[in-house]
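Naming convention: chains lettered A, B, ... in sequence-line order (proteins, then strands); numbering from 1 in each chain. Just so it is clear, the model here is predicted, and its values are computed rather than measured.
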Amino acid sequence: MTRYIIRRLISVPLTLLGVTVVIFLLLRLIPGDPAVAMLGEHAAKENVERIREQLGLNRPLFLDRDALAEGDVAAFFDSQYIRFVGRLARGDLGDSIHRRIPIANELKQRFPATVELAGCAMLLAVLVGLPAGIISAARRNSIWDGASMVGSLVGVSMPIFWLGLMEIMLFAVILHWLPIGGRLDNSIELKTITNFYLIDSIITGNDTALVDVLKHLAMPTLALATIPMAIIARMTRSSMLEVLQQDYMRTAKAKGLQERVLLLRHALKNAFLPVITIIGLSTGALLAGAILTETIFAWPGIGKWIYDAILGRDYPVVQGGTLLTALVFVVVNLLVDISYAFLDPRIHYE
Amino acid sequence: MSENRMADQHHLAGERDAHRAPESVLGPPGVQPERAIQEGIADYAVRKHRSLWSDAWRRLISNNTARIGMAIVVFFVLAAVLAHFFWEYNPRIDLDYSLKLKPPNLQATAEIPSIHPFGTDKLGRDIFRRVAHGGWNSLRVGLVAVGIALAIGGLLGLLAGFYESMPIGRVGQATLMGGIGLLFGAAAAWITRQPWLAALFVGLGVISVFLDHLWEGRPTRLLLFGGVGLLVGAVPAVLVGPAAAAVGGLLGLSMGVVVARPLSGPLVSNVIMRIMDIILAFPGILLAIAIVAMLGPGLDKGMIAIGVVNIPVFARLARSTVLSVVQGEYITAAQAVGVGHGRILFRHIVPNSLSPVIVQATMGLATAILSAAALGFLGLGAIPPEPEWGAMLGDSYKYLTTGAWWAMLFPGLAIMLSVLGFNLLGDGLRDALDPRMVLQ
């Protein structure tokens, strides 16, 4: 078990290193020069050169073979990529090209915003999807089963950006119940400590802010939660149905156990592995879906930020942001794999 | 082909029974044995042969979910094809500001002289018409993207799963070692500007396969190949400079050490799957956006981007399916009678791994259509004014607050319904292709 965890832990930085190589190559293949993007089309050539040098863009991408031919080994390794990895090893993600501020500072603002949204969405998805799946399996072919399965099929087929737009149309434009976008109304003061607005408003006991934060969260959370909710419900149902057919379930029923105990303690516990796998994989979908949701609801998270940075050729922002989302995805799935061994004593990792 | 084989088997069965005929099988005494034999054969022949696929088809069309799914899919495909080929539409000249953002109307009035069942958009274009024509683009993107993902991912997963459980043949080993040589050689050739270095490295890789018993498992072998690699890498690079020679030598040395060790199948599988993990670690839409940004906007670029993003899905599925199929005793039997790897792979493993892949491809079409719509919405898909569902939503999104609900409702409904159709069909296919399901 320990050996397995260590092996998986070693694979995390390797995967992330692979992610940096891919994103590095992709970004440099995107036509357009960040220095030109910064100074404008008609900037003087020497200014562009100067900026390129300041940003280190004049260095070769991975290795400098010309320096090597002249025998300069230090310059051979002095490339954009190795500089980036070197800074990364010291915990420095670099500065945004456009805004000239450290990426770490901006991440401190934006990452909690995305995590708050994705976390609420995941919570909603599990709280609705899991019971829906359990009820469907327990009352197979009932009206509940039919309704939740039709609902979940529509859910997995939903273009979430469209759902978001329809929500805005209904709740904000027509009914005026909810704000159209953003995290907090401008008129409301909130002292930020963790940048998770929900936590901040609870800590500071700021009730007006809490209500407003919840109002702002409602629509994007619903939009983002739809697909994972549907997937979790479907997976729970099929996994539960499989378990309910087992002999030990009949034995447990014959013993005269209450249905609640039967379903929750005997069936759900055994049906939980595939469900938790899906929950882990859904974090990826949530982080990816956040780009669209954040665009529609003007949510100041990392999805929208990375998207704008790709179009604006802000290399360090894209590199840092992508690396962080990939890190979250890889770590969550590592935790899911490790949790198998604790959830199911039959699983042993060698 | 398979019909013939079945017929042969029936014939054999008939013959086998014929040998026992006089005692028991063939009914009341006194019946002519020949006739009885013929009747027996006839009995077998009368029962219509049913293949796995025809059984699956019956199950599919007797399944309500699948029927609804198929109806929706057929409707959208027909609508897209008919609109594309039989209803001319030139988006470049479709423009009428006097009809800007009019709500749906089913009867012509003085104000709106033409009929627009879905209303009009910001340029006064008929939304019904654009939704009908947009289907062609949206469905096409889904199909091509899944094709790309299936072809590349399926093949990679097949190879990974197969070589994880099978020894690698001589030719395969030579190819793989040559490939490793090419990787190291390309690096060395690029650094030293000596292209022919790559050929030398490839040669070293291939030779190591044919000298596989030379000092097998002993440190001498590592020394030999490492040393040869060092020379191969360093000597030509001396022409460039001492530092380059050091780097070239180092590359050669590491390459030599790698090829000196016996090549194992799980290693190949591991390398493939780790690369898949890297692609999977990216948030999908983000990678697609980056690829489209690299290739430039356009529908065809979107197809490639979505295809690439979905490669790991099919690779993982194909690998896990192959891994379980390879366990089958018929594979061991085929190996035992000396069937070659290629034949085992394509005659036994591929047909038996198809059904989960077919189901995933159908569901993949659904997600690909969704991703294409998302790219279109962000303005990275179809180039305006070309109609595409996602792009239509992106176009009208700024008019949300004016209350023009029709401009967003209908393209979105089209996306949702077509995706729902493919999901329903995939669900039905999963049940139909599961041989454990009994046909009523």
Decide whether N423(B) and S157(A) meet the rule of one side-chain donor and one side-chain acceptor closer than 3.5 Å. yes
Heavy-atom pairs under 4.5 Å with chain A: which of I291(B), L424(B), D427(B) has the most? D427(B)
Worked verdict on L380(B) versus Y307(A) for side chain to side chain contact (heavy atoms under 4.5 Å, CB included): CA-CA 11 Å; L380(B) 296 169; Y307(A) 170 62; 4.1 Å; yes
Any side-chain heavy-atom pair from W162(A) and I415(B) closer than 4.5 angstrom? no
Between I23(A) and chain B, which part of the residue has a heavy atom less than 4.5 Å away: side chain, backbone, both or neither? both
Pick from V328(A), L153(A), L16(A), V330(A) with the largest number of heavy-atom pairs that fall under 4.5 Å of chain B: L153(A)
Can you tell me which portion of M158(A) sits under 4.5 Å from chain B's heavy atoms? Options are side chain, backbone, both or neither. both
Examine whether an atom of R28(A) lies under 4.5 Å from a heavy atom of chain B, and if so say whether it belongs to the side chain, the backbone or both; otherwise answer neither. neither
Measure I279(B) against the heavy atoms of chain A and call it side chain, backbone, both or neither at under 4.5 Å. neither
Which distance, rounded to the nearest 0.5 Å, do you find between the CD1 of I289(B) and the CD1 of I306(A)? 9.5 Å
Value rounded to 0.5 Å, distance of CD1 in I302(A) from CG in L286(B): 9.0 Å
Side chain / backbone / both / neither for V156(A) at chain B, heavy atoms under 4.5 Å: both
Does the pair L26(A) and L287(B) meet the rule for a side chain to side chain contact (heavy atoms under 4.5 Å, CB included), with working shown? CA-CA 9 Å; L26(A) 264 179; L287(B) 186 59; 3.6 Å; yes
A366(B), part contacting chain A, at a heavy-atom distance under 4.5 Å: neither
Looking only at non-hydrogen atoms, find the nearest pair between P159(A) and G412(B) and report the distance. CG-O, 4.3 Å
Between I296(A) and chain B, with a heavy-atom cut-off of 4.5 Å, which part of the residue counts as in contact: side chain, backbone, both or neither? both
How about L292(A) and L378(B): do any of their side-chain heavy atoms sit closer than 4.5 Å? yes
Contact part of I310(A) toward chain B, heavy-atom cut-off under 4.5 Å: side chain, backbone, both or neither? side chain
Examine whether an atom of L29(A) lies under 4.5 Å from a heavy atom of chain B, and if so say whether it belongs to the side chain, the backbone or both; otherwise answer neither. both
Between T65(B), I285(B), L420(B), which residue shows the highest count of heavy-atom pairs closer than 4.5 Å to chain A? L420(B)
With a sphere of 6.0 Å drawn around CG of L175(A), does it hold more than 12 non-hydrogen atoms of other residues, nucleotides or ligands? yes
At a heavy-atom distance under 4.5 Å, which candidate from G284(B), A373(B), G390(B) has the highest pair count against chain A? A373(B)
Write down the atom of L370(B), the atom of F161(A), and the distance for their closest heavy-atom approach. O-CE2, 4.5 Å
